[in-house]
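Throughout, protein chains are lettered first and strands after them, A, B, ... in sequence-line order, and every chain is numbered starting at 1. Side chains are part of it too, since the values below use all heavy atoms of this structure and drop only hydrogens, waters and symmetry mates. For clarity, every value in this text was computed on a predicted model and none was experimentally measured.
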Amino acid sequence: MRVKLRKWMRENAGYVAIWIFMGLTLLALVIREIGIYTLVVIAPFLPPFIIAMIKMAKELRKR
Amino acid sequence: MLIGSGFPNFDVFPTLLRKKTPKNPINETHASTILHTIFLYLVILPFLYLGLSAIGWSNSWNIAMSFSLGGIIHVLTESFDEKGRRLLYPLSKKFYGIRVLPYDFWTYLTDKKVLALEGGLFIVAVLLLIF
């Protein structure tokens, strides 16, 4: 399945907004709970997460 | 617990570094290694406890338990996808689970029943973090 990501995101803006809202809310609550240590928790996972998102976007264009 | 629950995903690296996408995402390395087994976290538990105690950390048992519990919950939760997980490793290398959720990341993100499930988990997490 080939996906035009920008078009898909425009058409499903509500869906994307719900995911972003859930992620940011939880991030804010974790920061409120453990403060600066949030960085220790999320830092190791940020690079693979960013690479995974970039790779997924590339693969969706290719499919 | 947060670090432990993220730890199994370090086996995503071969998937991220691959040049060719396998035709079936289920065949990729991610979630097929020992990092996605309950066994590993049961083995890590005593060693982490002893290691943390040796360097004088207080609450070393709580930290070790939290880490292992995070890893085990990750593996058990993911066993609900169509790939399943090696729940009985090293006794069996077969993938077990209740296969009701999609495995492929894009399909997962865009599946309505996944959003409902994640929404439910989100509400539980918010309640736990607030109260």
Side-chain angles (χ1 to χ4, degrees), chain A, chain B residues 1-25 28-31 33 35 57 59 62-63 66-67 70-71 74 102-131:
Chain A
M1 180 185 62
R2 201 175 154 157
V3 179
K4 287 185 177 172
L5 207 50
R6 282 191 187 167
K7 192 176 167 223
W8 187 92
M9 285 172 77
R10 269 199 303 273
E11 287 169 357
N12 297 276
Y15 201 83
V16 176
I18 291 172
W19 275 108
I20 293 174
F21 168 76
M22 291 198 299
L24 291 180
T25 307
L26 283 183
L27 180 64
L29 287 171
V30 171
I31 291 171
R32 176 175 167 261
E33 191 74 20
I34 59 174
I36 192 73
Y37 295 109
T38 308
L39 278 177
V40 179
V41 173
I42 64 169
F45 305 110
L46 268 182
F49 176 73
I50 292 167
I51 298 169
M53 296 304 272
I54 293 170
K55 194 147 186 125
M56 186 179 73
K58 274 185 191 165
E59 287 181 357
L60 286 172
R61 275 198 292 267
K62 265 193 229 162
R63 280 188 209 187
Chain B
M1 185 179 267
L2 287 171
I3 295 174
S5 64
F7 193 75
N9 274 342
F10 279 117
D11 65 7
V12 79
F13 280 108
T15 300
L16 297 182
L17 299 173
R18 73 183 177 210
K19 285 188 177 156
K20 240 183 167 183
T21 311
K23 280 188 183 150
N24 188 352
E28 64 188 12
T29 315
H30 175 234
T33 70
L35 290 182
W57 278 38
N59 295 326
N62 287 346
I63 296 169
S66 293
F67 180 88
H74 179 126
Y103 171 74
D104 173 66
F105 194 33
W106 174 253
T107 317
Y108 187 89
L109 282 178
T110 53
D111 191 300
K112 297 243 174 344
K113 68 181 173 210
V114 168
L115 185 68
L117 174 73
E118 293 274 1
L121 293 173
F122 166 77
I123 291 166
V124 173
V126 167
L127 292 175
L128 283 174
L129 283 164
I130 289 179
F131 301 109

Rounded to the nearest 0.5 angstrom, the CG-OG1 distance for A:N12 and B:T110 is 8.5 Å
If you draw a 6.0 Å radius around CZ in B:F10, do more than 12 non-hydrogen atoms from other residues or ligands fall strictly inside?
yes
In short, side-chain hydrogen bond (donor to acceptor under 3.5 Å, both in side chains) pairs touching residues 119-131 of chain B with sequence neighbours left out are none
Under 4.5 Å to a heavy atom of chain A? For B:F7 that would be backbone
Closest heavy-atom pair, B:K112 versus A:Y15, reported as atoms and distance to 0.1 Å, is N-OH, 3.7 Å
- Query: Does the pair A:F45 and B:L2 meet the rule for a side-chain contact (heavy atoms from CB on, under 4.5 Å), with working shown?
  - Reply: CA-CA 11 Å; A:F45 305 110; B:L2 287 171; over 6 Å; no
Honestly, the part of A:P44 sitting under 4.5 Å from a heavy atom of chain B is both
Does a sphere of radius 6.0 Å around CD1 in A:I36 hold more than 12 heavy atoms from other residues, nucleotides or ligands, not counting ones at 6.0 Å or beyond? no
Those residues of residues 17-29 of chain A that come under 4.5 Å of chain B on a heavy-atom basis, listed by number, are A:I18, A:W19, A:F21, A:M22, A:T25, A:L26, A:L29
Among residues 120-128 of chain B, residues within the sub-4.5 Å heavy-atom range of chain A, in order of number, are B:F122, B:A125, B:V126
Residue pairs meeting salt bridge (Lys or Arg N to Asp or Glu O under 4.0 Å), one or both in residues 22-37 of chain A, sequence neighbours left out, come to none
Heavy atoms of A:L60 and B:W106 approach each other most closely as CD1-CE3, 3.4 Å
